Amino acid sequence: SIPLDDPKVMALFNNLSSLGISADDLGGCDLGSLGIPEFGTDFVMQMLRDTKPKNFSDLVRISGLSHGTDVWLNNAQTLILGGKCQLSTAICTRDDIMTYLINTGVESGLAFKIMENVRKGKGLKPEMEEAMIAAGVPDWYIWSCKQIKYMFPKAHAAAYVMMAVRIAYFKVYHPLAYYAAYFSVRASAFNYELMCLGRDRLEHHLKEYKSRMNELSKKEQDTYKDMRIVQEMYARGFEFLPLDIYKAEANRFQIIDEKIMPSLSSIDGLGDKAAEAIVEACKEGEFLSRDDFKQRTKASTTVVEGMVQLGILDHLPESNQLSLLEFL
């Protein structure tokens with residue numbers, strides 16, 4: 001079983017100490033939660049910086065805040081930064097309201113009704129507010145209830161965070177397995193040419209993407225997101241193997257000799273079916289030439305030429321036929 005409050009895992013959500021790298025290595029990113037479900041977006045990462053979570057319970061509260069509407073922005077964030085409350089006392093999930101109000105002395109049935117009203121964005125009825133004031137509920141808490149439009153249930157937040165922490169554990173203690181799995185399953189626009197030909201080349205492309213951040217297409221935005229994870233991987237000292245058509249799998253990244261072998265589908269323009277066709281063709285034996293590769297795999301001329309430029313097929317002659325010059 002994976003501990004939910006492992007110190008090195010929890011550190012990912014506050015700094016980069018568990019990864020052994022610095023913010024300079026990641027273009028200024030100071031957290032290790034990139035690529036962790038629920039906690040890898042810029043929006044939630046800013047929440048982490050503002051709240052500084054210390055344990056699993058804090059992460060559950062942050063998950064509740066991030067899934068609500070008008071629960072964090074213009075609400076809990078303002079209260080926490082203003083010193084009105086802490087993460088542990090802010091309204092983060094719908095359950096928080098009912099349990100808090102019951103503990104202050106509000107009748108349990110009314111506490112439930114208040115929770116239901118607030119979590120649906122209906123605010124507080126006069127009699128509800130009166131009961132809260134009579135129970136000594138602070139003004140900031142009543143104000144917070146009135147801002148909320150939708151609230152997440154705590155059970156859902158806990159389930160999401162359990163998944164996130166388990167993945168974070170592998171990122172810390174089994175990094176190659178984590179990155180291989182991420183690139184195989186989560187990466188939506190992985191590009192072999194941009195990401196697998198060395199750290200310097202990746203940094204060049206990252207800089208170019210950043211220079212036109214506001215103009216990136218949806219696909220380029222996804223590619224940029226994947227490049228940030230690759231940047232982190234390189235910074236931690238891990239590398240990709242050059243793609244070998246006889247060893248690579250169609251869609252799954254592999255760990256070979258403590259390095260990661262990219263999948264065939266990571267080649268730009270090579271879809272899943274074409275990648276699977278290459279794997280099947282390789283089972284028939286080695287290719288004699290690029291023409292033989294193209295014929296047996298049904299790959300397009302564009303794909304073949306691209307693979308040659310990437311150095312993947314440059315070991316193969318153009319054709320099966322030998323020219324007279326080769327005998328001279």
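Note that the numbering runs from 1 along the sequence shown for the chain. All of these numbers come straight from a predicted model, not from anything done at the bench.
Through direct or relayed side-chain contacts under 4.5 Å between Ile, Leu, Val, Met, Phe, Trp and Tyr, L241 connects to I256, M261. Cluster partners of V185, using a side-chain heavy-atom cutoff of under 4.5 Å among ILVMFWY residues and allowing indirect links: none.
Remark: of the listed residues K218, K225, K219, K218 is the sole one forming a side-chain hydrogen bond (donor to acceptor under 3.5 Å, both in side chains) with D222. For the side-chain hydrogen bond (donor to acceptor under 3.5 Å, both in side chains) with Q231, the lone residue among E203, R236, R199 that qualifies is E203. Screening H205, H204, E208, R201 for a side chain to side chain contact (heavy atoms under 4.5 Å, CB included) involving L194 leaves a single residue, H205.
Using a distance-only test at 3.5 Å, with no hydrogens or angles considered, no donor-acceptor pair links the side chain of E280 to the main chain of E276. When atom types are taken as modelled, the side chain of D25 and the backbone of S22 share a donor-acceptor pair closer than 3.5 angstrom. For Q77 (side chain) and T51 (main-chain N/O), no donor-acceptor pair under 3.5 Å exists by modelled atom type. Under a 3.5 Å cut-off, the side chain of K273 and the backbone N or O of G271 do not form any donor-acceptor pair. Proximity of a side-chain donor or acceptor of R119 to a complementary backbone N or O of Y150 within less than 3.5 Å is not detected. At least one donor-acceptor pair closer than 3.5 Å links the side chain of Q221 to the backbone N or O of L216. A donor-acceptor pair is defined here as one N or O able to donate and one able to accept, closer than 3.5 Å; no such pair exists between the side chain of S18 and the backbone of A11. Looking at D96, its side chain does come within 3.5 Å of a backbone N or O of C92 through a donor-acceptor pair. A donor-acceptor pair is defined here as one N or O able to donate and one able to accept, closer than 3.5 Å; such a pair exists between the side chain of D6 and the backbone of K8. The backbone N or O of D95 sits less than 3.5 Å from a side-chain atom of T99, completing a donor-acceptor pair.
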Taking it one step at a time, do R228 and D42 satisfy salt bridge (Lys or Arg N to Asp or Glu O under 4.0 Å)?
CA-CA 12 Å; R228 293 178 72 187; D42 289 333; 3.2 Å; yes
Please test T302 against S300 for side chain to side chain donor-acceptor pair (under 3.5 Å), starting from the C-alpha separation and ending with a verdict.
CA-CA 5 Å; T302 302; S300 67; 4.6 Å; no
List the steps and the verdict of side-chain contact (heavy atoms from CB on, under 4.5 Å) for K171 and V9.
CA-CA 8 Å; K171 184 174 186 178; V9 173; over 6 Å; no
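In this structure, K84 places its NZ atom where only 12 or fewer heavy-atom neighbours from other residues, nucleotides or ligands lie under 6.0 Å away. Atom CG of D314 has more than 12 heavy atoms from other residues, nucleotides or ligands within 6.0 Å. Other residues, nucleotides and ligands place more than 12 heavy atoms under 6.0 Å from the CZ atom of F56. Annotation for N103: atom CG counts as buried by contact number, over 12 foreign heavy atoms lying within 6.0 Å. Residue K149 qualifies as enclosed at atom NZ: its count of foreign heavy atoms under 6.0 Å is above 12. Within a 6.0 Å sphere centred on CD of Q86, other residues, nucleotides and ligands contribute 12 heavy atoms or fewer. Enclosure of atom NZ in K122 is not indicated, since only 12 or fewer non-hydrogen atoms of other residues, nucleotides or ligands lie within 6.0 angstrom. Environment of NE2 in H156: sparse, with no more than 12 heavy atoms of neighbouring residues, nucleotides or ligands closer than 6.0 Å.
For H67, the ring-ring contact (aromatic ring centres under 6.0 Å, His included) test picks out F152, Y160, with sequence neighbours left out.
Residues Q46 and D50 bring a donor and an acceptor atom of their side chains to less than 3.5 Å of each other. Between the side chains of T223 and N191, no donor-acceptor pair is found at a separation under 3.5 Å.
Shown here for A235 and I21, the closest heavy-atom pair between the two residues is O-CG2, 3.3 Å.
Ring pair Y100/Y141: centre-to-centre distance below 6.0 Å. Here the two rings, on Y182 and F253, have centers that are 6.0 Å apart or farther. Checked against a 6.0 Å centroid threshold, the rings of Y173 and Y169 count as neighbours.
Taking the six-membered ring for Trp and thresholds of 30 and 60 degrees, F183 and F240 have ring planes inclined between 30 and 60 degrees apart.
Both tests do not hold together for R166 against F170: distance to the six-membered ring centre under 6.0 Å, angle to the ring axis within 45°.
Considering only heavy atoms from C-beta on, R290 stays 4.5 Å or farther from P317 through its side chain. Counting heavy atoms from C-beta on, the side chains of Y234 and L202 come closer than 4.5 Å.
F39 and L26 fall within a single hydrophobic cluster, where Ile, Leu, Val, Met, Phe, Trp and Tyr are joined by side-chain heavy atoms under 4.5 Å apart, directly or via other members. Neither V279 nor F190 shares a network with the other; the hydrophobic side chains, linked directly or stepwise wherever heavy atoms of I, L, V, M, F, W or Y lie under 4.5 Å apart, form separate groups for each. Put simply, F13 and L87 are part of the same group of oily side chains (I, L, V, M, F, W, Y) that touch within less than 4.5 Å, one to the next.
Taking 4.0 Å as the cut-off between side-chain N and carboxylate O, R212 and E215 do not count as a salt-bridged pair. Between D30 and R49 a salt bridge is recorded (basic side-chain N to carboxylate O distance below 4.0 Å).
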